[in-house]
Amino acid sequence: MRLRPDTTPALPLAADLTAPILPGEFYLQPTLRVARALLGKILVHRRRGSITAGRIVEVEAYRGPGDRAAHTAGGRRTARNEVMWGPAGRLYVYFTYGMHHCCNVVTRAAGVPEAVLVRALEPVAGVPLMRRRRRVRAELPAAALTRGPGNLCRAMGIDRRCDGNDLRAGAVVILDAPRMRSTAILASPRIGVAYAGSDALLPWRFFLRDSLAVSGPRRVEPPR
DNA sequence: ATTTAGATCCTCT
DNA sequence: GAGGATCTAAATG
């Protein structure tokens with residue numbers, strides 16, 4: 001008697017945690033390119049001998065002064081978004097809705113305030129620690145631990161102490177991984193930016209078609 | 001399957 | 001004083 005082959009993707013996923021850290025130049029590329037290229041890369045947080053890591057499966061691009069959905073819309077420069085105005089390759093972490101943190105990767109040269117919001121990961125390492133940080137029931141699937149920007153920050157232990165973290169040398173780094181095929185990537189409008197007028201329709205959310213960890217609608221661009 | 005309400009507090013006007 | 005780059009549970013069709 002033969003067992004049916006198991007086609008369920010194994011989570012946590014196997015990933016190369018010895019891969020090189022992404023070089024600083026990676027983050028100088030155009031923001032939409034960085035957003036797509038980040039899919040599949042590994043976000044790692046090492047702290048006090050503990051480690052949590054996840055494969056990036058969903059992101060959103062935010063493009064500076066001209067993008068009404070961005071924190072830097074219209075050239076606003078404040079204490080909160082200061083890191084977005086700085087050099088590429090830093091982590092921009094902010095607190096929102098009274099209870100959640102969101103983390104972004106800053107792109108482009110200093111003075112060009114653009115960033116990529118990380119919206120979902122697939123757990124790669126440190127799942128027990130993620131469960132403790134999330135305080136979820138034991139049966140919750142691993143993929144749900146890091147689904148959504150607020151959830152992934154809690155699971156990864158990322159908060160405002162990480163704001164400004166240098167992604168080449170800080171406690172939080174991003175490791176290189178093979179580039180995803182473009183056919184594995186879908187796009188849609190960004191989530192939660194209805195206040196941005198016509199910019200809310202821009203298809204600047206990118207996600208891996210086959211990932212179980214993607215948050216929100218797995219819809220491709222709707223007709224305009 | 002989709003909608004709603006409530007939690008909760010920092011940031012900027 | 002208002003509202004948010006969110007999340008969850010509960011209610012509803």
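Residue numbering restarts at 1 for every chain, and letters A, B, ... go by the order of the sequence lines.
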Revision key, fill the gap. A/Arg76 has its side chain closest, among B/dT13, C/dA5, C/dT6, to B/dT13
Exercise for review: Using whole Å, report how far CZ of A/Arg119 lies from C1' of C/dC7.
Suggested key: 11 Å
**Study point:** A/Phe207-A/Ile174 co-clustered via ILVMFWY side chain contacts under 4.5 Å
**Key:** yes
Practice item. Using the test side-chain hydrogen bond (donor to acceptor under 3.5 Å, both in side chains), find all partners of A/Arg147 that sit at least two apart in sequence or belong to another chain. Key: none
Study note, to complete from the structure: Rounded to whole Å, CZ of A/Arg190 lies from P of C/dT6 at a distance of 12 Å
Revision key, fill the gap. Between CZ of A/Arg147 and P of C/dT8 the distance, given in whole Å, is 9 Å
Review point. Rounded to whole angstrom units, what separation is found between the CD atom of A/Glu58 and the P atom of C/dA5?
Key: 16 Å
Check your understanding: Do A/Thr183 and A/Arg209 have side-chain atoms, one donor and one acceptor, less than 3.5 Å apart?
Key -> no
Study note, to complete from the structure: In whole angstroms, the gap separating C1' of C/dA5 from CG of A/Leu202 amounts to 14 Å
Exercise for review: Report which part of the nucleic acid A/Arg80 touches: base, sugar-phosphate, or nothing (heavy-atom distance under 4.0 Å, all strands).
Suggested key: sugar-phosphate
Point to revise | Pairing partner (Watson-Crick or G-U wobble, both distances under 3.5 angstrom) of B/dT8 | key: none
Point to revise | Evaluation steps, ring-ring contact (aromatic ring centres under 6.0 Å, His included), between A/Tyr94 and A/His71 | key: CA-CA 10 Å; A/Tyr94 66 90; A/His71 287 170; 4.5 Å; yes
Revision key, fill the gap. Answer for the Watson-Crick or wobble partner of C/dA5, both distances under 3.5 Å, is none
Point to revise | Residue met sooner reading DNA chain B from 5', once A/Gly98 and A/Ala79 are mapped to nucleotides | key: A/Gly98
Check your understanding: OP1, OP2 of C/dC7 versus side-chain N and O of A/His100: anything below 4.0 Å?
Key -> no
Practice item. Compare the aromatic ring of A/Tyr62 with the six-membered base ring of C/dA5 and state whether they stack according to the 5.5 Å and 30° rule. Key: yes
Point to revise | Euclidean distance, atom CD of residue A/Glu60 to atom C1' of C/dT6 [Å, nearest integer] | key: 12 Å
Review point. Heavy atoms under 4.0 Å, any strand shown: does A/Arg134 hit a base, just sugar-phosphate, or nothing?
Key: sugar-phosphate
Exercise for review: Under 4.0 Å between any heavy atoms, over every strand shown, what does A/Arg160 touch: base, sugar-phosphate, or nothing? Just pick one.
Suggested key: sugar-phosphate
Exercise for review: Calculate the interatomic distance between A/Phe95 atom CZ and C/dC7 atom C1'; express it in whole Å.
Suggested key: 13 Å
Review point. Distance from A/Leu22 atom CG to A/Leu167 atom CG, nearest 0.5 Å?
Key: 8.5 Å
Exercise for review: Take A/Asp176 and A/Lys41 through the side chain to side chain contact (heavy atoms under 4.5 Å, CB included) test and state the conclusion after the steps.
Suggested key: CA-CA 5 Å; A/Asp176 202 359; A/Lys41 305 291 190 268; 3.0 Å; yes
Point to revise | Out of B/dA7, C/dT6, B/dT11, whichever nucleotide has its closest atom nearest the side chain of A/Tyr97 | key: C/dT6
**Study point:** More than 12 heavy atoms of other groups within 6.0 Å of A/Arg168 CZ
**Key:** no
Exercise for review: Check whether any side-chain nitrogen or oxygen of A/Tyr195 sits under 4.0 Å from OP1 or OP2 of C/dA5, and answer yes or no.
Suggested key: yes
Point to revise | Separation of C/dT6 P from A/Asn151 CG (nearest whole Å) | key: 11 Å
Practice item. Looking only at non-hydrogen atoms, find the nearest pair between A/Val214 and A/Val57 and report the distance. Key: CG2-O, 3.9 Å
Review point. Pick the nucleotide of DNA chain C nearest each of A/Ile191 and A/Arg137; which residue has the one closer to the 5' end?
Key: A/Ile191
Exercise for review: Tell me which residues in residues 34-43 of chain A put a heavy atom below 4.0 Å from DNA chain C, sorted by number, or none.
Suggested key: none
